[in-house]
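Everything on this sheet refers to the single structure shown next.
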Number of protein chains: 2
Amino acid sequence: MMNLAADFPTKKNIKEISQEEHISSKYLEKLMGILKKNQLVRSVQGQGGGYFLAKKPGQITAGEIVEILDGPIAPMKCSSAKCKMAEHCSASSVWSELEKEMKKFLYKQTLEKLIKNNQTKKYVRK
Amino acid sequence: MMNLAADFPTKKNIKEISQEEHISSKYLEKLMGILKKNQLVRSVQGQGGGYFLAKKPGQITAGEIVEILDGPIAPMKCSSAKCKMAEHCSASSVWSELEKEMKKFLYKQTLEKLIKNNQTKKYVRK
DNA sequence: TTAATTCAGACTAATTTAGTAGGATTTAGA
DNA sequence: TCTAAATCCTACTAAATTAGTCTGAATTAA
């Protein structure tokens, strides 16, 4: 029988990630489950198993991750949902404009870029 | 005795504003109290009293109002506060950059601009 | 068969938020 | 001086959200 777990060398298991990221492993399990359901990561079950990215880091953005884990990117609940007050709400245009800005920014931030930034950070500090 | 209430012709009382803005007068009272404490509005007490802006509409920004009524402008709690995780958190730079963008945008939106936009909105619709 | 792992979903506890309640204080005008 | 109309003050409540736990089932390599 083939060894599924050995086929994806970049995979990491919950234990490893939870230690690196200082998150409780139980909570991380939950989050990874959500990411998997939304096809941002894939996984191998069983002994030697773990998780790995489902796409290249350059093709995964902060925007996607946020919307999957936190729900809609929006400064206010009313900014994206069609708010029934919008007609006589003087603020609604501010919120919807701000929402656009936030999305624009977050969908520009790829994991690849983030990794690079973080490497620079470490380099500068040392 | 002079009539304080008559000195500020642009003032409006809670009842009027709450009807225009479709907010309960009790809740609005609370909000106006906060705005007053933070010197965005001033008020005249007693019969015939009400609220009025403490500065010109061009000098009041959405950013100020939001920070006064909602607290710090931030996409995450950790973005402005010095998060102890920041050192090994790969996301922290994303949040702090996004926070900057949000502030930049909101502090550009003056009430004067908002009023103009809203007039245009009405004009276009009719 | 066993140990290491993901998977699933119900549950909990803390915090935040929107909004209310009740009454005290201030002031214009009759 | 009295009354009504207004702001002011502050404690309370209820609902929603969020971060995180608990328990145990299913899967797989060795």
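A quick note: this is a predicted structure, and the numbers were derived from the prediction, not measured. Labels below follow one simple rule: chain letters A, B, ... track the order of the sequence lines, proteins then strands, and each chain is numbered from 1.
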Checklist entry - Do Glu21(A) and Leu28(A) pass the side chain to side chain contact (heavy atoms under 4.5 Å, CB included) test, and can you show the C-alpha distance, the side-chain angles, and the key distance before you say yes or no? => result CA-CA 9 Å; Glu21(A) 301 294 331; Leu28(A) 182 60; over 6 Å; no
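When heavy atoms are screened at a 4.0 angstrom cut-off, Lys30(A) is found touching base atoms of the nucleic acid.
Mapping Gly46(A) and Lys26(A) onto DNA chain C via the closest heavy atom, the residue that lands nearer the 5' end is Gly46(A). Annotation: of the two residues near DNA chain C, Gly33(A) and Asp70(B), the 5′-most nearest-nucleotide partner is Gly33(A).
Atom P of nucleotide dA19(D) and atom NZ of Lys77(B) are separated by 7 Å, given to the nearest angstrom. At whole-Å resolution of the value, CE in Met32(B) and C1' in dC9(D) are 16 Å apart.
The base of dT6(C) is paired with the side chain of Gln45(A) by a donor and an acceptor separated by under 3.5 Å.
Within 6.0 Å of atom NZ in Lys55(B), more than 12 heavy atoms from other residues, nucleotides or ligands are found, so the atom counts as buried in its surroundings.
Using a cutoff of 4.0 Å between basic side-chain nitrogens and carboxylate oxygens, Lys15(B) and Glu29(B) are not scored as salt-bridged. Under a 4.0 Å N-O distance rule, the pair Lys12(A)/Glu20(A) qualifies as a salt bridge.
Close to dC22(D), at under 4.0 Å from its OP1 or OP2, lies no side-chain N or O of Tyr27(A).
Among the nucleotides dT6(C), dT20(C), dT7(D), the one closest to any side-chain atom of Tyr51(A) is dT6(C).
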